[in-house]
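A short write-up of the structure that comes next.
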Amino acid sequence: MPKSKVAKATKAHKPKSTKTSDPLTKRSAPSDLAPEKFRAIGHSLVDGIADFLEDLPDARTASPLLPDAMRAKLGKREMPERGADIAPILDKFSRLFFEQSTHNGSPRFFGYITSSAAPISALADLLAASVNPNCGAWALSPIATEIENESIRWLAQFMGLPGKWDGVLVSGGNMANIVGFFVARKAKATWDIRAKGVADPESQRLILYGSAEMHTWINKAADMGGLGTAAVRWIATDDELRMRPGELRRQIVADRAAGLHPFLVVGTAGTVGTGVTDPLPEIAKICKEFDLWFHVDGAYGAPAVALDDASADLKGLRLADSIAIDPHKWLYNSIEAGCLLTRHPEALRDAFAFKPSYYQFDDNEGQEVKNYFEYGPQNTRGFRALKIWLGFQQAGASGYRQMIADDIELAHRLHDFVGEHELLEQGTVSLSIATFRFVPADLRRRSRGDKAVTDYLNELNARIATALRLSGRAFVSNAHVDDRYLLRACIVNFRTTLADVRALPEAIVELGRELDERIRPKELLGGKR
């Protein structure tokens, strides 16, 4: 910009005289709250939250309203031109929010791997939002950055990871796994993939591997990373739904022979459907043999490695190059809290660090600091670490081990209770996930091999899941094993008790009988009715 224009621009933005009549002398901002007003609103809200938590064990697990009814309940409002007293608005909405939400904190919420959040997480998020640090750079969040450093170290220590691990906190499991993917892509490409991309003449076709039970985040990663979903090799599983190492090895050999460039194998510690863990030690050996990056998706199951009786397969995650873990799953933190851990911190930074001229965050008198915008895709980052840090201090490592062990025991008790019902069929049980289905007695013999019966049972059990959710009595999801639709109960909830687990099969049988009476096709009636 010419000097004359710079002078004109500077003059145009020169502050006006600050006279007492100037409205900016003592500014009144509509978004501000006076301390006494904030205190009154905050006390009222905390009282409401405490009442909600107290009533949660007896509350409906989910709202019975379908989308149109929910929209009608909310009502339609025009965007307000002028503001209003926020206290009654917040009070009204909080009551509606408590009433009409899906309550994953309910002791009878078994639907997804979304845990009951510890109350300390709510207070941590409030505190973090109050100061509102930007955890992208140390200078913008000095104490918050140090708490994140310590939280990451504690996560690695809790899982018994050997050596010096580092990482970055992200929104959840998908993002933690995707960050791991990009770290592996940069580390294992044989050309300058950052500068030249995946279509450069020097490049090779990158290939990655995971079991047929792997979470769909891998499709997002391959798509976002420019590889295309066809680059993903879905390796067949055994009878226990674990990846077959022999099939993995054969596929890698075949891909190399075809001139392709394998670079990443993903093992799963706790699959989303049935909670099984791949044979991680065997996968680690194959990765070492072929010099591939070994990543473990432990978003759900990784914390269970801290238990004394953790399986050898699960302990194999300690051999990984990187691990995804979700503290907002089995460490009972509130959403959002995911983490990518790696034994190669320099590879993490190599994948994401840039040095733009407008970032001047290194003036720390020669002292080493961490700027987290160099360790992941986000520049602006919230203070996710506080709830993890406070959670560890409240529960301690032993407290987490006890709660995780209790969840696993309850899932196995549920599996046993299912086996006691003649109208229920056991499916799988692994970690804290149990699967099963409702099967009418007269269809049990025909439930395998008869496609019409299989299709009907799949529809029946899907309807049972929906009816159960809308009833508010409990919440389950589903898993597919072979051609069977199974009801799936996942327990990652410190509020769940034996009574809650015992009541679930009874509710399923009651709804199953009622629905079977109403919807069974005539051709499947047989001697029934």
Side-chain angles (χ1 to χ4, degrees), residues 45 48-49 51-53 55-80 84 86 88-117 122 125 171-175 215-217 219-220 272-273 299 326 328-329 334-336 338 433 435 437-438 455-480 485-493 495 500 503-504 507-508 510-512 514-519:
L45 180 60
I49 294 171
D51 289 342
F52 163 71
L53 294 175
D55 296 339
L56 191 55
D58 298 318
R60 300 176 61 92
T61 53
S63 169
L65 300 184
L66 295 175
D68 286 346
M70 183 66 76
R71 296 181 191 111
K73 186 84 171 178
L74 280 170
K76 187 176 182 179
R77 292 160 300 282
E78 297 298 326
M79 183 186 73
I86 201 64
I89 296 172
L90 180 60
D91 181 68
K92 180 179 179 181
F93 174 74
S94 65
R95 295 175 189 275
L96 187 65
F97 188 46
F98 296 147
E99 177 186 318
Q100 298 299 336
S101 289
T102 296
H103 295 139
N104 51 50
S106 165
R108 298 178 306 284
F109 182 87
F110 307 108
Y112 297 94
I113 312 173
T114 305
S115 73
S116 49
D125 283 341
S171 58
N174 265 26
M175 188 52 66
H215 192 280
T216 190
W217 68 263
N219 286 322
K220 294 182 181 181
V272 67
D326 258 9
H328 71 213
K329 286 187 170 70
S334 62
I335 297 169
E336 301 172 348
I433 295 177
T435 64
R437 65 176 179 170
F438 177 85
D455 290 346
Y456 170 65
L457 291 178
N458 289 345
E459 179 187 359
L460 175 61
N461 280 275
R463 291 205 186 192
I464 290 171
T466 299
L468 183 65
R469 173 174 61 84
L470 294 177
S471 75
R473 297 168 65 181
F475 195 125
V476 298
S477 57
N478 68 278
H480 290 270
Y485 177 105
L486 299 178
L487 301 173
R488 170 186 172 279
C490 177
I491 303 173
V492 283
N493 193 325
R495 294 187 176 95
D500 299 307
L504 181 60
I508 297 294
E510 180 183 326
L511 290 170
E514 178 185 330
L515 283 165
D516 184 42
E517 288 289 336
R518 287 198 288 109
I519 71 169

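Counting begins at 1 with the first residue of the sequence. As a basis for the values below, the full set of heavy atoms in this structure was taken, side chains included, without hydrogen atoms, waters or symmetry mates.
- If you check the side chains of Arg488 and Ser477, you find a donor sitting under 3.5 Å from an acceptor.
- Side-chain N/O atoms of Asp125 and Ser334 include a donor and acceptor closer than 3.5 Å.
- Looking at every heavy atom in both residues, Leu460 comes nearest to Gly512 through CD1-O, 4.3 Å.
- Of all heavy-atom pairs between Ala479 and Thr435, the closest is CB-CG2, 4.1 Å.
- By the 4.0 Å N-to-carboxylate-O rule, Glu459 lies close enough to Arg463 to be salt-bridged with it.
- Within the model, atoms SG of Cys490 and NZ of Lys329 stand 9.5 Å from one another, a figure rounded to the nearest 0.5 Å.
- Between the CZ atom in Phe475 and the OG1 atom in Thr102 there is a gap of 5.5 Å [rounded to 0.5 Å].
- Not one N or O on the side chain of Ser101 forms a donor-acceptor pair closer than 3.5 Å with the backbone of Phe98.
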| field | Derivation of the side chain to side chain contact (heavy atoms under 4.5 Å, CB included) call for Thr114 and Val492 | value | CA-CA 7 Å; Thr114 305; Val492 283; over 6 Å; no

| task | Decide yes or no on side chain to side chain contact (heavy atoms under 4.5 Å, CB included) for Asn478 and His480, but give the supporting numbers first. | result | CA-CA 7 Å; Asn478 68 278; His480 290 270; 3.4 Å; yes

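- Ring pair Phe109/His103: centre-to-centre distance not below 6.0 Å.
- In this structure, the side chains of Leu74 and Leu96 come closer than 4.5 Å at one or more pairs of heavy atoms.
- When only modelled atom types and interatomic distance are considered, Ser63 and Gln100 share a side-chain donor-acceptor pair under 3.5 Å.
- Arg60 contributes atom CZ, which lies 11.0 Å from atom CZ of Arg473 (distance to the nearest 0.5 angstrom).
- Taking CG of Leu470 as the reference point, atom CG of Leu65 lies at 9.5 Å (rounded to 0.5 Å).
- The shortest side-chain heavy-atom distance between Thr216 and Val272 does not fall under the 4.5 Å cut-off.
- Between the side chains of Tyr456 and Asp516, at least one donor-acceptor pair of N or O atoms lies under 3.5 Å.
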| task | Go through Lys220 and Asn174 one step at a time and tell me if the side chain to side chain contact (heavy atoms under 4.5 Å, CB included) criterion holds. | result | CA-CA 9 Å; Lys220 294 182 181 181; Asn174 265 26; 3.0 Å; yes

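- The minimum heavy-atom distance linking Asn461 with Leu487 is given by the pair O-CD2, 3.4 Å.
- In this structure a side-chain-to-backbone donor-acceptor pair under 3.5 Å is missing from Arg495 to Arg108.
- For the atom pair CG of Asp51 and CG of Leu56, the computed distance is 12.5 Å after rounding to the nearest 0.5 Å.
- Scanning both residues, His328 and Gly172, for their nearest heavy atoms gives CE1-CA, 3.7 Å.
- Residue Ile464 holds its CD1 atom at 14.5 Å from CZ of Arg469, rounded to the nearest 0.5 Å.
- For the pair Ser106 and Asn493, the tightest heavy-atom approach, listed with the atom from each and the gap, is O-ND2, 2.6 Å.
- The two atoms that bring Glu336 and Ser171 nearest to each other are CB-O, 3.1 Å, heavy atoms only.
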| said: Does Ile433 form a side chain to side chain contact (heavy atoms under 4.5 Å, CB included) with Ile491? I'd like the steps, not just the answer. | reply: CA-CA 6 Å; Ile433 295 177; Ile491 303 173; over 6 Å; no

